[in-house]
2 protein chains.
Amino acid sequence: MTDDSIDRPSRGRATGRVTMADVAALSGVSAITVSRALRHPDKVSPETRAKVQAAIDTLGYVPDLVAGSLASNQSHIVAAVVPTIGGTIFVDTVKGMADALREQGYQLLLGDSGYSLVEEAALVDAFLGRRPNGLILTGVHHEPSVRTRLAAAKVPVVEVWDVSDRPIDMVVGFSNFRAGYEMTAHLARRGYRKIGFAAGLTFGDQRSTERRRGYRTALEEFDLGPERALEVPEAAEFGRGREALVALLARYPDIDAAFFSSDVLAVGALFECQRRGWPVPDRIAIAGFGDFGIAAETIPALTTVRIPGREIGQRAAGMLLDRFAGGGAEPGTVLDLGFEVVARASA
Amino acid sequence: MTDDSIDRPSRGRATGRVTMADVAALSGVSAITVSRALRHPDKVSPETRAKVQAAIDTLGYVPDLVAGSLASNQSHIVAAVVPTIGGTIFVDTVKGMADALREQGYQLLLGDSGYSLVEEAALVDAFLGRRPNGLILTGVHHEPSVRTRLAAAKVPVVEVWDVSDRPIDMVVGFSNFRAGYEMTAHLARRGYRKIGFAAGLTFGDQRSTERRRGYRTALEEFDLGPERALEVPEAAEFGRGREALVALLARYPDIDAAFFSSDVLAVGALFECQRRGWPVPDRIAIAGFGDFGIAAETIPALTTVRIPGREIGQRAAGMLLDRFAGGGAEPGTVLDLGFEVVARASA
DNA sequence: TAGGTGTATGGTAGCGCTAACATGTGAGGG
DNA sequence: CCCTCACATGTTAGCGCTACCATACACCTA
């Protein structure tokens, strides 16, 4: 490779890059054969394949997927919008998606809506221009324009992290309502009677609201009186958990347990108890949501709700891949992967 | 919009989608004028612009960026490879990049190498096929093939999170060596004489190794004897911090301080101290790296090194955007954004 | 009046690839 | 010996958009 700077005089609009035509010329076959050698190797004789591969290596050819996408109307891209890539919360889901897609040669185009439905809609618009083969959205509530646009684009869509009666197309998730209910029921069974609840606003109105509905329903069923609830802005920071506990105690001084809509908040609250020298759960029980890595390590270890985050991502990707392969679930399919109350020492 | 399902019989290879030609026909101008109305509105009269916009709204036209990219040789995509999107560590950088790029109409294509250079090289190959306008890599050490490929592709590249004498193109980061040095020096100045060090392997051989070199250099300079170091696999989990402290104590029972290459490990170690009832920093001082949100909340609060993660991302994106605009920094530019030792109660 | 300058718009020809439809070849069957 | 049929490869014509160059016309200057 002594002369790797041949740089043909780029006449016209040519980009000066190595193209499939160059590979074809060097290997003495036509361009389409090169294309086939790359995309459908079984349709090309082994000898030809070898020649083509040799030329590719010599020239350092990198296929132009943009041109390929245009010609084949197949971008091999899946776009996904999550509320945040910052928190611990959606990371497993994103990784699950990305891994499953990469295995099949698809790439993930990721967007962060900052928990804003308006921003989500803007991202959907921007993504659709890239002609993705599929789309993944977090949550089941969206701007009205999103439904319209997606229907017009005829793209398979999976909504994740919740369940819905009326999916855009397919849904993979769990019932946030039942999760809120079950954790509250767990606390009730453990003997706590005055259960506080602190929800992060940023968790998206709807999913958080659903968990709160579950909490409220459990209160009624176990006859635990009116709700003792609070909303917390910017719930992704540990410091907010400390503030939330303080606020909760100020408003409902009698609480004997506090259920937080995120482990981050719950751990922050645990630190506040430690600061005050309050034994947990004897003075107050603390429960979280998410089962992040830290939950098992705190002292006392945190009682929380485990979400199949990675599996949600994998299954969402899998449903799309099945559709790409020509089959797949029918529109309207709802896959409920459930959740698990993990009882540790804190509640 | 009563008949939004016209669905022209898709003769030939037509995709059945609304194209620019449809918009042109409806608004009574040529396709190129529609293109200009979208890309260079100032080159089109206001009346024409309005007509075109009306047609776009009526038809629900979404421009095909794939076709646009091919024609203009401008994908408006920047690809980035980070070791992990899972940890807290690179999230700020990614957000900084994504925000800065989005403002200018560029999209971020994100890849996760799992701290593997081989995987990084594979991602670079896959990304180059999408003809990104720029590329961002984490770290300054890569597979040899990466340099070659990138040179051939003539794409602007920014390496981040470290500094280098021999960048591929541009670098934005800080000196991991000096960071390791300064934290160790801080501990020495506070009077600790037997300082242990636990490095996460997953932090990428090189960046972690650099910090360790800094640690060792400080030990020599302050005459603190031989290094008391340990390597930890899978350093992104809190539990590993506990294990690391246990291992460190087993091997070097005399240590009076422990410096961890990540706040995650340090917090895990803090929990272990709490479990043992050891007062920190009196029995042992604990220091971390990263200044994650939790560092300010633990009891005692964690002494750590603050990294300008978000700014690194923003500046990296900015350098690329400047290049796209025709100017920008010269190849070989190194931007050192520094770091800050944040002294809290734990050390 | 001729020529120059600026603005708005259009026609044409690709960008690099692949779908769809040839074409050519040799094996096997009647 | 011709006819199928399978297989390997080639030819052509786009995919939907934008770069490039041309054109048309208004307005100015000498």
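Heavy-atom basis, side chains included; hydrogens, waters and symmetry copies ignored. On a predicted model such as this, the values are computed, not experimentally measured, just so you know. Numbered from 1 within each chain, the chains take letters A, B, ... in sequence-line order.
- Atom CG of B:L59 and atom C1' of D:dG16 are 15 Å apart (whole Å).
- The distance from the CE atom of A:M170 to the CD atom of A:E159 is 10.0 Å, given to the nearest 0.5 Å.
- Note on B:V66: nothing from the nucleic acid sits closer than 4.0 angstrom, heavy atoms only.
- Put simply, the residue from A:I77, A:L109, A:L108 that forms a side-chain contact (heavy atoms from CB on, under 4.5 Å) with A:P132 is A:I77.
- Heavy-atom distances under 4.0 Å link DNA chain D to no residue of residues 43-51 of chain B.
- Nucleotide D:dA19 holds its P atom 10 Å from the CG atom of B:N73, rounded to whole Å.
- Across the interface with DNA chain C, nearest-nucleotide mapping of B:R131 and B:G28 shows B:G28 to be the residue nearer the 5′ end.
- Close to D:dT18, at under 4.0 Å from its OP1 or OP2, lies no side-chain N or O of B:S72.
- Across all non-hydrogen atoms, the minimal contact from B:L26 to B:T58 is CD2-CB, 4.1 Å.
- Nucleotide D:dG16 holds its P atom 7 Å from the CG atom of B:D64, rounded to whole Å.
- Taking a cutoff of 4.0 Å between a charged side-chain nitrogen and a carboxylate oxygen, A:R130 and B:D64 do not qualify as a salt bridge.
- Neither side chain, B:S116 nor B:S113, offers a donor N or O lying under 3.5 Å from an acceptor on the other.
- Residues B:Q74 and B:N133 have side chains that bring a donor and an acceptor to within less than 3.5 angstrom of each other.
- In this structure A:H76 satisfies the ring pair (Phe, Tyr, Trp, His ring centres under 6.0 Å) test together with A:Y106, sequence neighbours excluded.
- Side-chain atoms of B:T148 and B:S145 include no donor-acceptor pair closer than 3.5 Å.
- Between A:D22 and A:R17 there is no salt bridge, since no side-chain N of the basic residue sits under 4.0 Å from a carboxylate O of the acidic one.
- Between the CZ atom of B:R36 and the P atom of D:dC17 there is a distance of 15 Å, given to the nearest Å.
- Nucleotide D:dT9 holds its P atom 12 Å from the CG atom of A:D42, rounded to whole Å.
- The separation between B:R39 atom CZ and D:dA19 atom C1' is 14 Å, rounded to whole Å.
- Between D:dG16 and B:Y61, no contact under 4.0 Å exists linking OP1 or OP2 to a side-chain N or O.
- Look at A:S35 and you'll find a side-chain N or O under 4.0 angstrom from OP1 or OP2 of C:dT18.
- Salt-bridge annotation for B:R323 and B:D169: present, with a side-chain N of the basic residue lying under 4.0 Å from a carboxylate O of the acidic one.
- Out of C:dC15, D:dA19, C:dT18, the shortest distance to the side chain of B:I32 is found at D:dA19.
- Nucleotide D:dT18 holds its P atom 8 Å from the NE2 atom of B:H40, rounded to whole Å.
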Between N or O atoms, less than 3.5 Å apart, protein on one side and nucleotides 24-28 of chain D on the other: list the pairs.
none

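- Dashed line: the shortest gap from a side-chain N or O of B:T19 to OP1 or OP2 of D:dC15 is not under 4.0 Å.
- In this structure, CG of A:L70 is placed 12 Å from P of C:dG16, rounded to the nearest angstrom.
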